[in-house]
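What follows is a set of notes on a single structure, which appears directly below.
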Amino acid sequence: MSPDVIPEAQVAPAPADPADKTGRAHSRARAARRRRIVVTASRVLLLVAVLGLWEVLSRAEVIDPFNFSMPSKIWDQIWTWVTHGTALGSLGEQIWYTLYEALLGWVVGVVAGVVFGIALGRITLLADVLGPYIKVLNSIPRIVLAPIFVIWFGLGPASKVASAVVLVFFPVFFNAFQGAREVDRNLVANARILGASDRRVTLQVVIPSATSWIFTSLHVSFGFALIGAIVGEYIGATKGIGLLVAQSQGTFNAAGVYAAMVILAVVALLAEGLLTFAERRIFRWKPTGSDS
């Protein structure tokens, strides 16, 4: 065999070309951008189609415009509230009042849910003692507590905050409890081998491991906080979006009811966006998709 000829089986594979990797990364980025554009366009088209069909059916009186109103009247109602205010004061004041009650109730409910969830998840005896009582309380329809809170705390924000707290507490509690129970036992054992106390294990191992579970509940719980504030205002209040709904219903103003719902939806979407942004910042280490 000629020394200049290298057998085919002995030829080393060519090293991966960095340019190929860069090209695949760019292709994935372009595909992701195209998908985002398609999803956004589809959402907009779906919304336009639903609103357009609603408007057409109302104007043609296929559906009762008195009861169902129509998008154009709803927009006119929102514009009137923005430019001339409401019977209760400026629209911004009503939004802030409801948002303040929901935010305060959400914060209190989240803190209480996380503390109790982690505590019961870590202390088995405490979970065994309090478990039946928590299950009983969770089985109570919490919306019916709103009138009781109005009787206890009056028409001010305290009764709405209490309604928000009871709605927020349980989803956060159960997620935090499950997150504490699902912590990798090897991590806990390694921390104890290194001399970590129960307090350090809880703060440095359990809580960080349960953070994903807790954040999952935060997305749902803020909507519950808004519901608690709105229901409390609807039953009895001096201002707020819930009171706008009650007044619009009392005057058979369907456009006002829907307008208040639209405003609440916008507030909820903005809050969801902020929570998603915070979650992505905190969990930047987590993969967002397959790299294959």
Side-chain angles (χ1 to χ4, degrees), residues 26-99 102-103 106 215-216 218-231 233-234 240-281 288-290:
H26 288 165
S27 297
R28 288 196 297 268
R30 286 195 298 270
R33 284 195 297 269
R34 284 196 297 268
R35 186 180 185 280
R36 285 196 297 269
I37 292 173
V38 170
V39 169
T40 302
S42 299
R43 289 172 176 173
V44 173
L45 289 175
L46 178 61
L47 179 61
V48 170
V50 170
L51 294 179
L53 181 62
W54 184 2
E55 184 78 19
V56 170
L57 293 178
S58 293
R59 289 187 180 276
E61 296 188 354
V62 175
I63 59 177
D64 187 356
F66 179 79
N67 292 324
F68 292 93
S69 189
M70 58 185 68
S72 58
K73 289 185 178 180
I74 295 171
W75 172 252
D76 290 340
Q77 181 66 78
I78 294 175
W79 184 250
T80 299
W81 283 346
V82 171
T83 55
H84 299 95
T86 70
L88 306 173
S90 68
L91 179 61
E93 182 183 7
Q94 312 313 311
I95 294 174
W96 168 245
Y97 196 77
T98 299
L99 193 57
L103 278 173
W106 181 71
F215 258 93
T216 300
L218 297 187
H219 292 276
V220 179
S221 62
F222 187 78
F224 287 162
L226 279 175
I227 292 173
I230 292 299
V231 170
E233 291 172 351
Y234 184 85
I241 300 297
L243 186 55
L244 280 180
V245 173
Q247 287 188 342
S248 298
Q249 182 187 23
T251 57
F252 299 99
N253 179 12
V257 174
Y258 289 119
M261 293 170 60
V262 169
I263 293 169
L264 285 174
V266 171
V267 172
L269 285 175
L270 291 176
E272 172 69 17
L274 289 174
L275 285 173
T276 301
F277 174 77
E279 184 176 15
R280 288 176 178 173
R281 295 286 293 179
T288 56
S290 175

- Determine, step by step, whether Phe222 and Leu103 satisfy the side chain to side chain contact (heavy atoms under 4.5 Å, CB included) criterion, reporting the C-alpha distance in whole Å, the side-chain angles of both residues, the deciding distance to 0.1 Å, and the verdict. CA-CA 8 Å; Phe222 187 78; Leu103 278 173; 3.6 Å; yes
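- Summarising the geometry of Met70 relative to Pro65, their closest heavy-atom pair is CE-CB, 4.0 Å, with the distance given to 0.1 Å.
- Side chain of Ser248 to backbone of Val245: no donor-acceptor contact under 3.5 angstrom is found.
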- Message: Between Lys73 and Ser58, does the side chain to side chain contact (heavy atoms under 4.5 Å, CB included) criterion hold? Intermediate values first, please.
- Response: CA-CA 11 Å; Lys73 289 185 178 180; Ser58 293; over 6 Å; no
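- Remark: Ile241 CD1 to Ile230 CD1 distance equals 6.0 Å, nearest 0.5 Å.
- In this structure, CZ in Arg28 is found 12.5 Å from CZ in Arg33, a value given to the nearest 0.5 Å.
- Between the NE2 atom in His84 and the CH2 atom in Trp79 there is a gap of 9.5 Å [rounded to 0.5 Å].
- Looking at every heavy atom in both residues, Ala254 comes nearest to Ser69 through CB-CB, 4.1 Å.
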- Message: Could you go through Trp106 and Phe224, starting from their C-alpha distance and side-chain angles, then the distance that decides it, and tell me whether this counts as side chain to side chain contact (heavy atoms under 4.5 Å, CB included)?
- Response: CA-CA 8 Å; Trp106 181 71; Phe224 287 162; over 6 Å; no
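- Formation of a donor-acceptor pair under 3.5 Å by the Gln94 side chain with backbone atoms of Ser90 is found in this model.
- Screening Leu46, Leu53, Val48 against Val50 for a side-chain contact (heavy atoms from CB on, under 4.5 Å) leaves a single residue, Leu46.
- Here the closest non-hydrogen pair linking Trp81 and Ala259 is CZ3-CB, 3.7 Å.
- Scored by the ring-ring contact (aromatic ring centres under 6.0 Å, His included) test, Trp54 finds Tyr258 as partners (sequence neighbours excluded).
- Rounding to the nearest 0.5 angstrom, the gap separating the CH2 atom in Trp75 from the OG1 atom in Thr80 is 10.5 Å.
- Inspection of the Gln247 and Asn253 side chains reveals no N or O donor paired with an N or O acceptor under 3.5 Å.
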- Item | Test log, rule side chain to side chain contact (heavy atoms under 4.5 Å, CB included), inputs Leu57 and Phe68 | CA-CA 10 Å; Leu57 293 178; Phe68 292 93; over 6 Å; no
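- For the atom pair CG (Leu91) and CG (Leu244), the distance works out to 7.0 Å, reported to the nearest 0.5 Å.
- Rounded to the nearest 0.5 angstrom, Glu93 CD and Thr98 OG1 are separated by 10.5 Å.
- In terms of heavy-atom proximity, Ser72 sits nearest to Glu55 at OG-OE2, 2.8 Å.
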